[in-house]
Amino acid sequence: EMKKDLNRLETIADRFSKIGSKPKLEKHEIISIVEKSVRYLKSRLSQNTEFIIENNEQELYVNINKTLLEWVIENICKNAVDAMQGKGKIDISISQNNSTIQIIIKDSGKGIDKELIADIFKPGVTTKTRGWGLGLSLSKRIIEDYHKGKLFLLDSNPSDGTSFAIFLPKESNIA
């Protein structure tokens, strides 16, 4: 357990060292990265949270910074677990079209208050009693500034939960 904790601290330090500098993008298989993130989350979160990963592909490769993408996926999923109060379902679908790889993360939580929707990606915006409201703003920066992709709120309502979409370009023209 101590070794796991030490590895986790090294990962966190690595993530923060990449924020503020231009991260190196390398070709990685995205489905395995999502699966690894989910395995990590399952080991740390409520047993009452069900994760379902859907994809119709064998392998999907894209130029990314693996450490930072894992951070984005974990952040969105942790927010989802908080919205579900530790009990519910998170569906993650991975697909592609001609130009992008899409990752849709949908939870069965309570949705986002309509008053907050326009501001959820702004630093400091949070509904939690503990937290700084930086997760979604950093996630958006990681996807859009570093990976030249898109991160946006796809849908949110109290009866059906919240969905976030991550679109990553298949062909990277990032120098």
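Numbers here simply count residues along the sequence, with the first being 1.
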Pairs under 3.5 angstrom only: tabulate donor-acceptor contacts from the side chains of residues 82-92 to other protein residues two or more places apart or in another chain.
{"residue": "Asp82", "atom": "OD2", "partner": "Lys128", "partner atom": "NZ", "Å": "3.0"}

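- Under a hydrophobic clustering in which Ile, Leu, Val, Met, Phe, Trp and Tyr are joined whenever their side-chain heavy atoms come within less than 4.5 Å, directly or via other members, Ile73 and Leu134 fall into the same cluster.
- Contact record, Pro169 with Gly149: CD-CA, 3.8 Å, taken as the closest heavy-atom pair.
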Step-by-step side-chain contact (heavy atoms from CB on, under 4.5 Å) determination, Tyr61 to His28:
CA-CA 5 Å; Tyr61 287 90; His28 288 282; 5.8 Å; no
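- The local environment of CD in Gln47 is sparse, with at most 12 non-hydrogen atoms from other residues, nucleotides or ligands closer than 6.0 Å.
- Note: Ile76 CD1 to Leu41 CG = 11.5 Å, rounded to the nearest 0.5 Å.
- Of the inter-residue distances, the one linking Glu50 atom CD with Ile52 atom CD1 reads 4.0 Å to the nearest 0.5 angstrom.
- Clustering ILVMFWY residues whenever any of their side-chain heavy atoms sit less than 4.5 angstrom apart, transitively, puts Trp71 in a cluster other than the one holding Ile104.
- If you take CD1 on Ile30 and CD1 on Ile101, they are separated by 6.0 Å, rounding to the nearest 0.5 Å.
- Gln102 is not listed as a side-chain neighbour of Ile94, based on a closest heavy-atom distance of 4.5 Å or more.
- Listed by first and then second residue, the salt bridge (Lys or Arg N to Asp or Glu O under 4.0 Å) pairs involving residues 31-41 are Lys36-Glu70 (not counting sequence neighbours).
- The closest donor-acceptor contact from the side chain of Glu29 to the backbone of Leu60 lies under 3.5 Å.
- Between the CD atom in Gln96 and the CD1 atom in Ile103 there is a gap of 12.0 Å [rounded to 0.5 Å].
- Side-chain contact annotation: Ser139 with Asn75, donor-acceptor N/O pair under 3.5 Å present.
- In this structure, Lys150 contributes its side chain and Ala165 its backbone to no donor-acceptor pair below 3.5 Å.
- Shown here are the side-chain contact (heavy atoms from CB on, under 4.5 Å) partners of Thr162, two or more places apart in sequence or in another chain: Asp107, Ile112, Leu153, Ser156, Phe164.
- His147 and Leu68 make their closest contact through CE1-CB, 4.4 Å (heavy atoms, listed as atom of the first residue, atom of the second, distance).
- Atom CD1 of residue Ile117 and atom CG of residue Asp155 lie 8.5 Å apart, to the nearest 0.5 angstrom.
- Centroid-to-centroid, the aromatic rings of Phe152 and Phe167 come within less than 6.0 Å.
- No side-chain heavy atom of Leu25 sits less than 4.5 Å from a side-chain heavy atom of Val62.
- Lys106 and Asp160 are joined by a salt bridge, as a carboxylate oxygen and a charged side-chain nitrogen come within less than 4.0 angstrom of each other.
- Within the 3.5 Å criterion, the main-chain N or O of Leu151 finds a donor-acceptor partner in the side chain of Lys140.
- Residues Val125 and Leu116 meet the side-chain proximity criterion, which asks for heavy atoms closer than 4.5 Å.
- Residues Asn65 and Tyr146 are not in side-chain contact: their nearest non-hydrogen atoms beyond the backbone lie 4.5 Å or more apart.
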Between Cys77 and Ile105, does the side-chain contact (heavy atoms from CB on, under 4.5 Å) criterion hold? Intermediate values first, please.
CA-CA 7 Å; Cys77 289; Ile105 301 172; 4.1 Å; yes
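- You'll find the side chain of Asn56 stays beyond 4.5 Å of the side chain of Ser95, heavy atoms only.
- Once rounded to the nearest 0.5 Å, the distance linking CD of Glu74 with CG of Leu69 reads 10.0 Å.
- Using a 4.5 Å heavy-atom cutoff, the side chains of Glu26 and Lys66 are not in contact.
- Residues Ile143 and Val72 have side chains in contact (heavy-atom distance under 4.5 Å, counting atoms from C-beta outward).
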